Amino acid sequence: MVRDLRAALVGRRIDAVEVLRPDVLRVPVAEVLPALLVRQHVVGVDRRGKFILIQLDSGEHLMVHLGMTGHLLATSPDAPVAPHTHLRARLDDGSELRFDDTRRFGRVAYGSTAALEDARALPRLGLEPLTDAFSQEAFDSMMRRTTRTVKAALLDQAGVAGLGNIYIDEACFAAGIRPTRRCNRLTRAQRAGLRAAIQDVLLTAIDNRGSSVDDYRDVWNARGSNQEALQVYGRAGEACFACGTVLRRTVVAGRTTVYCPHCQR
DNA sequence: ACCTACCTGGCC
DNA sequence: GGCCAGGTAGGT
């Protein structure tokens, strides 16, 4: 998403902003957001975990979290406006950036990263799994000192940033580890396998432009193809691609979890 | 280290 | 009507 947003936004000037649903805005109050954004240029787009940071020439950021059902779309201003569109920004190339989010679990905020952290709009996030910070040493020390299940630990964005329900189940399958296993009980080899699997699963998903299992769409409203590569997510009751065993559904850390009882121990 | 609430919509 | 859904915050 961030790579697509860079292509759509970097160098653009914001000409007009309309907040249709003020309560998706964390900080500041919605009434002042248009005045803060208008006439600024987008200088970059970054990401911390699942938080998208659109950097403006003031040095501040428009921060967006998509929640479960959020979209950021670059579109023509004339295109039909999706239901639950909460924010519209007109850009100097005649295009429009829109944020829509049916369930309103997503969030928008504006400010410096320090201000966003102070306002608790941007929480403390853990290791970025596709950077050098995600070393085996760092991952091991995190995993060795918690008794939580693997599923719960990986859902916690303060440990590893950016993993969600789909990719955790996929990484556990790729590593042959049941999501119900306790972190501190994994062997060194299992931790190494899990770390590699996390990186693999994420890189594949990015190559495939995301998992459009349901309503994920890219910035140009196109579907990704990674839903076709998923091995376990959404496949409970179906046969494991590796061994044919029926995949099992359970609830771990409050989330639906699917695994192969034969391939995953 | 859990557990529930927050929302809307689709499906049975 | 009840159950389920890519997530996180705030409570205990």
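Since the model is a prediction, treat every value here as computed from it, not as a measurement. Every chain is numbered from 1 and lettered A, B, ... according to where its sequence line falls, protein lines coming before strand lines.
To the nearest whole angstrom, the two P atoms, one in dC7(B) and one in dG11(C), are 15 Å apart. For the P atoms, the distance linking dA5(B) with dG2(C) amounts to 15 Å, nearest Å.
Residue T147(A) has a polar side-chain atom (N or O) positioned under 4.0 Å from OP1 or OP2 of dA1(B). Applying the 4.0 Å criterion to OP1 and OP2 of dC7(B), one finds that H84(A) has every side-chain N and O outside that range. For T256(A), no side-chain nitrogen or oxygen approaches OP1 or OP2 of dC4(C) to under 4.0 Å. In this structure, Q157(A) does not reach the dG7(C) phosphate: none of its side-chain N or O atoms is under 4.0 Å from OP1 or OP2. An OP1 or OP2 oxygen of dG7(C) is reached within less than 4.0 angstrom by a side-chain nitrogen or oxygen of K50(A).
Of all the heavy atoms in R26(A) and A109(A), the pair that sits closest is CB-CB, 3.9 Å.
A straight line from CG of D101(A) to C1' of dA5(C) spans 13 Å, rounded to a whole angstrom. The separation between H86(A) atom NE2 and dT8(B) atom P is 9 Å, rounded to whole Å. For the pair L155(A) CG and dA5(C) P, the computed distance is 13 Å after rounding to whole Å. Atom CZ of R21(A) and atom C1' of dT8(B) are 11 Å apart (whole Å). In this structure, the CG atom of L125(A) is 9 Å from the P atom of dT8(C), given to the nearest Å. Rounding to whole angstrom units, CG of residue D100(A) and C1' of dG6(C) are separated by 15 Å. M63(A) has its CE atom 13 Å from the C1' atom of dG7(C), to the nearest Å. Atom-to-atom, CZ of R107(A) to C1' of dA5(B) comes out at 12 Å; the value is rounded to the nearest Å.
Judged by distance alone with a 3.5 Å cut-off, a donor-acceptor contact links the side chain of D215(A) to the base of dG6(C). R103(A) contributes a side-chain N or O that forms a donor-acceptor pair with the base of dA5(C) under 3.5 Å. For R104(A) against dC7(B), no side-chain N or O and base N or O form a donor-acceptor pair under 3.5 Å.
When heavy atoms are screened at a 4.0 angstrom cut-off, Y233(A) is found touching the sugar-phosphate backbone but no base atom. Using a 4.0 Å heavy-atom cutoff across all strands shown, R26(A) reaches sugar-phosphate atoms only and no base atom. Counting any heavy atom pair closer than 4.0 Å across all strands shown, N165(A) reaches sugar-phosphate atoms only and no base atom. At a threshold of 4.0 angstrom between heavy atoms, the contacts of R249(A) are confined to the sugar-phosphate backbone, with no base atom among them. Residue R255(A) is in base contact, counting any heavy-atom pair closer than 4.0 Å across all strands shown. Across all strands shown, T69(A) has no heavy atoms under 4.0 Å from either base or sugar-phosphate atoms.
In this structure, a donor-acceptor pair under 3.5 Å is present between the side chains of Y167(A) and S211(A).
Nearest-nucleotide mapping onto DNA chain B: of R148(A) and G254(A), the residue sitting toward the 5' end is R148(A). In terms of position on DNA chain C, the residue among P123(A) and H71(A) whose nearest nucleotide sits closer to the 5' end is H71(A). In this structure, M68(A) and A121(A) both approach DNA chain C, and ranking their closest nucleotides by distance from the 5' end singles out M68(A).
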Reading DNA chain B 5' to 3', what string of ( ), [ ], | and . shows its pairs, if Watson-Crick and G-U wobble pairs count only when both distances fall under 3.5 Å?
-> ||||||.|||||

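Ion pair R13(A)/D15(A) flagged as a salt bridge, since at least one NZ, NE, NH1 or NH2 atom sits closer than 4.0 Å to an Asp/Glu carboxylate oxygen. A salt bridge is defined here as a Lys NZ or Arg NE, NH1 or NH2 lying under 4.0 Å from an Asp or Glu carboxylate O, and R21(A) with D101(A) fails to meet this definition. By the 4.0 Å N-to-carboxylate-O rule, R255(A) lies too far from D169(A) to be salt-bridged with it.
For R120(A), taking side-chain heavy atoms from C-beta onward, the closest of the listed nucleotides dG6(C), dG10(C), dC6(B) is dG10(C). Among dG6(C), dT8(B), dT8(C), the nucleotide with an atom closest to any side-chain atom of H65(A) is dT8(C). Looking at the side chain of F105(A), the nearest of the listed nucleotides dA1(B), dC7(B), dG6(C) is dC7(B).
Figure legend: R235(A) and F241(A) shown as a cation-pi pair, the cationic atom lying under 6.0 angstrom from the six-membered ring centre and within 45 degrees of its axis. F134(A) carries R195(A) over the face of its six-membered ring, with the cationic atom under 6.0 Å from the centre and within 45° of the normal.
By the 6.0 Å contact criterion, NE2 on H262(A) is open, its count of non-hydrogen atoms from other residues, nucleotides or ligands being 12 or less. The local environment of CZ in R265(A) is crowded, with over 12 non-hydrogen atoms from other residues, nucleotides or ligands closer than 6.0 Å. No more than 12 heavy atoms of other residues, nucleotides or ligands shown are found within 6.0 angstrom of CG on D132(A).
In textbook terms, a nucleotide whose glycosidic angle is within 90° of 0 is syn, while dG7(C), being further out, is anti.
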